[in-house]
A.B. asks: 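Quick one: the structure is below, questions incoming.
Numbering starts at 1 and runs along the sequence shown.
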Amino acid sequence: MTMSETAGRSDTAASRDGDIRERLRVIEDKLSLIIEILSPETSDGPTLDEILGRLVTLVAGQSPLLRRIDLTTGRILDIQEGRTPRSVQLEDQADA
């Protein structure tokens with residue numbers, strides 16, 4: 001390997017490193033912007049913790065619907081896999 005080949009390789013590696021650093025910088029800028037948008041000023045509205053708490057409450061309120069979706073999905077899988085489909089009564093007994 002000649003000296004010019006070594007210099008060419010290090011230029012290519014340096015160029016690749018520069019490209020990677022630039023991409024990481026752009027990603028960091030975008031993440032900073034997203035965090036800024038999701039974290040309003042204290043006087044501008046609810047905090048991120050309050051928003052997340054509300055989302056948890058909403059999801060918890062959907063628990064019966066989510067259980068029904070889970071049961072329906074389970075029945076479909078039972079049928080596809082050749083098992084006896086589970087029933088609503090079995091699900092209700094498990095909850096009790």
A.B. asks: Backbone N or O of Arg86 within a donor-acceptor pair of the Asp78 side chain at under 3.5 Å?
C.D. replies: yes

A.B. asks: Is it true that a side-chain atom of Arg75 and a backbone atom of Pro85 form a donor plus acceptor pair closer than 3.5 Å?
C.D. replies: no

A.B. asks: Regarding Arg25 and Glu22, does a basic nitrogen lie under 4.0 Å from an acidic carboxylate oxygen?
C.D. replies: yes

A.B. asks: Does Arg83, at its CZ atom, have more than 12 non-hydrogen atoms belonging to other residues, nucleotides or ligands within less than 6.0 Å?
C.D. replies: yes

A.B. asks: Taking the side chain as every heavy atom from C-beta outward, state whether Leu66 and Val59 have any atom pair closer than 4.5 Å.
C.D. replies: yes

A.B. asks: Could you point out which residue of Leu24, Asp19, Asp17 forms a side-chain contact (heavy atoms from CB on, under 4.5 Å) with Arg21?
C.D. replies: Asp17

A.B. asks: Pick one: which of Ile76, Ile69, Asp70 meets side-chain contact (heavy atoms from CB on, under 4.5 Å) with Thr72?
C.D. replies: Ile76

A.B. asks: How long is the straight-line distance from CD1 of Ile51 back to CG of Leu55, given to the nearest 0.5 Å?
C.D. replies: 7.5 Å

A.B. asks: Find the distance between CG (Leu33) and CG (Leu38) and round it off to the nearest 0.5 Å.
C.D. replies: 9.5 Å

A.B. asks: Do Gln62 and Leu65 have side chains that get closer than 4.5 Å, going by heavy atoms?
C.D. replies: yes

